[in-house]
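The next block holds one structure in the form of structure tokens; read it before the comments.
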Amino acid sequence: MHFSVPDTQEFVNDATGASYTGYNIHINGTFHCCLRYKQLHNLHEQLKRSLPSLVLPSFPPKKLLPLSNSQLENRRAALERYIQLLGQDPIFSKSELLRIFLLNAQQESSFVEGRETILDVYLLNGYRISVNAYTTECSTKVLEKACSLIDLPKEYVYYFSLFLMRKENDGGITLIRKLMNFEAPYISQRLTDDCKIIIRKNYWDSNYDLELMRDRIALNLLYIQTVSDIEKGWIVASHDTKEQLSNLQARGSKKEYLDVARSLPSYGCLQFLPAIVDYPEPNTLATVVIGNRELSLRMAHGKKIQETKFKVTRMRCWRVTTIHNNEELSSNSSNDSATTNGLELSFEYLMSKNCLKWITITSEQAMLMSVCLQSMVDELLNQKVGGDTNNIQTNFGNNTTISYIKRDGSYNRISESSSTDTISSMQGDSNSNQILRKPNTSNRKFIKNRISTTVLFQRNKESVHNEAFEEIGDDDL
């Protein structure tokens with residue numbers, strides 16, 4: 001996961017009148033929480049104690065005197081670098097302590113109190129699953145409850161994930177992002193306009209389908225998703241194949257339907273909104289498709305579609321950046337939707353031996369594309385080392401206990417359990433039973449604006465290096 005700390009905000013302690021700085025933490029391009037320096041320092045100290053054999057990145061030192069503007073900016077940059085290094089480390093980033101910390105930070109920053117609620121989770125055919133959940137429960141727990149209600153066996157649950165999806169005015173569907181284990185679906189949906197929580201499969205290699213197709217419920221979930229993807233045009237099929245699939249669908253032959261669909265080249269791919277690319281020419285309008293270990297660009301030339309495929313193993317690295325001059329870009333492009341948020345995904349591709357070329361995609365979904373590339377690489381690396389497919393599952397520790405310090409200085413001792421791993425439901429130190437005060441209207445509006453804002457790699461050109469990158473040898477030429 002990618003962290004950024006693009007900016008700060010100032011707070012005033014109502015009791016003392018003292019002011020302090022909060023650092024806005026973005027994860028995978030979306031605002032997640034606002035934390036004080038001492039909260040991040042407390043996390044650092046707990047990570048040192050819980051993982052003593054590993055070397056943590058150095059934490060920015062404390063200052064005795066109030067910070068000047070330049071010192072504040074230096075601290076912001078140092079904290080950003082620190083948390084980015086944590087996010088890039090496979091052990092630290094997957095630690096249960098970090099997950100619980102981020103979950104509590106999201107709750108505190110969104111001013112949501114822990115309580116029971118009904119959360120609607122949808123299948124892609126519109127079927128609604130009403131889940132009895134806590135407002136602060138993490139994504140995996142909500143997924144487990146939803147899958148239990150449709151009788152999906154536990155061993156197949158982690159082949160699926162929860163996603164945020166939005167239906168557009170033109171009837172199209174936009175996949176916003178995957179919900180991660182360090183966030184609460186109730187909070188994330190509440191702060192994202194007009195989105196539904198849906199269940200989609202959580203892997204790229206279609207060979208995993210064969211295991212799921214052994215079970216009636218898992219097969220039905222795959223079938224529902226495949227029908228939806230074909231109807232949306234994400235899976236491209238000829239007229240004859242569509243007729244064949246329609247006949248199988250009418251007969252209720254789900255397995256046979258999947259057998260035919262799985263043979264199609266774009267099966268298992270995600271299709272994104274139209275984007276502006278600089279390949280093969282600048283300002284080219286293209287549809288981006290990711291799947292089958294490739295990123296594809298589909299460009300219309302009259303009635304014909306030209307498709308260029310880029311293998312993920314030939315991408316040396318990639319990065320997502322913000323565009324500072326959106327007006328100039330929009331004036332050069334007829335596709336306003338692709339430039340609204342000013343995001344670019346750039347990847348360095350090995351075109352031929354010793355020939356690397358940067359290719360840039362301008363799209364509001366650039367961060368989701370980056371996350372998809374990373375998950376595809378993770379899956380490839382897992383397969384190379386012989387990892388079990390159930391490595392998809394997140395294994396929660398049974399005895400993880402952390403002390404979460406809130407912005408007001410009070411502490412909460414939190415231990416992992418089925419539903420009580422957030423600050424509003426824990427017994428802790430002397431101040432732990434304080435109730436989170438509801439924010440005023442301006443604070444609620446601010447949080448809602450922050451969570452829908454995507455800011456990342458704004459001040460630098462750092463790239464995500466691809467550990468699955470493969471050089472081209474003489475035999476490839």
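Model, not experiment: these values are computed from the prediction. Numbering of residues begins at 1 and proceeds along the displayed sequence.
Across S110 and I187, no two heavy atoms sit closer than the pair OG-CG2, 3.4 Å. Listed here is the closest heavy atom pair of L119 and P185: CD2-CB, 4.0 Å. Minimum interatomic distance between A366 and V320 (heavy atoms only, all atoms of both residues): O-CG2, 4.0 Å. When every heavy atom of N466 is checked against every heavy atom of V312, the shortest pair comes out as ND2-O, 2.7 Å. T226 approaches L222 most closely through the heavy-atom pair OG1-O, 2.7 Å. In terms of heavy atoms, N104 sits closest to I100 at ND2-O, 2.7 Å.
Remark: the backbone N or O of D193 is not paired with any side-chain donor or acceptor of R166 at under 3.5 angstrom. Listed for the S228 side chain is no donor-acceptor partner under 3.5 Å among the backbone atoms of I224. For N247 (side chain) and E243 (main-chain N/O), a donor-acceptor pair under 3.5 Å exists by modelled atom type. Put simply, the side chain of S139 gets close to the backbone of M180: a donor and an acceptor are under 3.5 Å apart. Listed for the Q106 side chain is a donor-acceptor partner under 3.5 Å among the backbone atoms of A184. A distance-only check finds a donor-acceptor pair linking the side chain of R262 to the backbone of S206 [under 3.5 Å]. Side-chain atoms of E344 do not come within 3.5 Å of backbone N or O of T362 as any donor-acceptor pair. Between the D278 side chain and the T360 main chain, a donor and an acceptor come within less than 3.5 Å of each other. A donor-acceptor pair under 3.5 Å links the side-chain atoms of N74 to the main chain of S70, judged by distance alone. Looking at S109, its side chain does come within 3.5 Å of a backbone N or O of C34 through a donor-acceptor pair.
Aromatic ring pairs are classed by plane angle as parallel below 30°, tilted from 30° to 60° and perpendicular above 60°; the pair Y159 and Y156 is tilted.
Inter-residue side-chain proximity for Q225 and I199 is flagged as unmet; no heavy-atom pair is nearer than 4.5 Å. Contact of the P265 side chain with the V236 side chain is not registered, since no non-hydrogen atoms from C-beta on lie closer than 4.5 Å. Contact annotation: the side chain of E80 approaches that of S4 to within less than 4.5 Å [non-hydrogen atoms, C-beta and beyond]. Annotation: side chain of L270 is in contact with side chain of W234 (closest heavy-atom distance under 4.5 Å). For the pair N69/E73, no side-chain contact is recorded, criterion being any heavy-atom separation below 4.5 Å from C-beta on. Looking at C138 and R99, their side chains come closer than 4.5 Å, going by heavy atoms from C-beta outward. By the 4.5 Å heavy-atom criterion applied to side chains, I276 and I361 are not counted as neighbours. In this structure, the side chains of W204 and V377 stay at 4.5 Å or more apart for every pair of heavy atoms.
L258 contributes atom CG, which lies 9.5 Å from atom CG of N220 (distance to the nearest 0.5 angstrom). Distance CG/L221 to CZ/F160: 4.5 Å, rounded to 0.5 Å. Rounded to the nearest 0.5 Å, atoms CG (L162) and CD1 (I197) are 6.5 Å apart. Going from atom CD1 of I25 over to atom CD1 of I83 covers 4.5 Å, rounded to the nearest 0.5 Å. The CD atom of E294 sits 9.0 Å away from atom CE of M315, with the distance rounded to the nearest 0.5 Å. Rounded to the nearest 0.5 Å, atoms SG (C372) and CE (M367) are 11.5 Å apart.
Between the side chains of E183 and S188, at least one donor N or O lies within less than 3.5 Å of an accepting N or O. Donor-acceptor pairing under 3.5 Å is recorded for the side chains of E168 and T174. With no hydrogens or angles considered, no side-chain donor-acceptor pair links K178 and N28 at under 3.5 Å. At a cut-off of 3.5 Å, with distance as the only test, no side-chain donor of Q244 or D240 sits close to an acceptor on the other residue.
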Test log, rule side-chain contact (heavy atoms from CB on, under 4.5 Å), inputs N132 and I118 = CA-CA 5 Å; N132 290 310; I118 301 295; 2.6 Å; yes
Worked check of side-chain contact (heavy atoms from CB on, under 4.5 Å) between R293 and K311 = CA-CA 6 Å; R293 303 182 181 183; K311 294 182 179 179; over 6 Å; no
May I have the step-by-step check of side-chain contact (heavy atoms from CB on, under 4.5 Å) for W358 and C317, ending in yes or no?
-> CA-CA 10 Å; W358 279 98; C317 59; 3.7 Å; yes
Step by step, would you call L43 with L35 a side-chain contact (heavy atoms from CB on, under 4.5 Å)?
-> CA-CA 11 Å; L43 170 66; L35 296 169; over 6 Å; no
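Dense packing is recorded around CD of E10, with more than 12 heavy atoms of other residues, nucleotides or ligands lying under 6.0 Å away. Other residues, nucleotides and ligands contribute at most 12 non-hydrogen atoms within 6.0 Å of the NE2 atom of H239. K167 NZ: 12 or fewer foreign heavy atoms inside a 6.0 Å radius.
For the side-chain contact (heavy atoms from CB on, under 4.5 Å) with L164, the lone residue among L179, T30, L175 that qualifies is L179. When each of F92, Y23, F59, F3 is tested with Y82 by the rule ring-ring contact (aromatic ring centres under 6.0 Å, His included), just one qualifies, namely F59.
By the salt bridge (charged side-chain N to carboxylate O under 4.0 Å, His left out) test, R75 is found to be paired with no residue, residues two or more places apart in sequence or in another chain being considered. With sequence neighbours left out, the salt bridge (charged side-chain N to carboxylate O under 4.0 Å, His left out) criterion links K242 to no other residue. Listed by chain and number, the residues in a salt bridge (charged side-chain N to carboxylate O under 4.0 Å, His left out) with K255 are D259 (sequence neighbours excluded). Partners of E467 under the salt bridge (charged side-chain N to carboxylate O under 4.0 Å, His left out) rule, at least two apart in sequence or in another chain, do not exist in this structure.
The pair D229-R200 meets the salt-bridge criterion, since a charged nitrogen lies less than 4.0 angstrom from a carboxylate oxygen. Between K201 and D209 there is a salt bridge, with a side-chain nitrogen of the basic residue lying less than 4.0 Å from a carboxylate oxygen of the acidic one. Note on E470 versus R314: salt bridge recorded, some NZ/NE/NH1/NH2 to OD/OE distance being below 4.0 Å.
Pairs engaging residues 242-295 under the ring-ring contact (aromatic ring centres under 6.0 Å, His included) rule: Y223-Y257, Y279-F310 [sequence neighbours left out]. Among residues at least two apart or in separate chains, side chain to side chain donor-acceptor pair (under 3.5 Å) pairs with a member in residues 122-131 are D120-S130.
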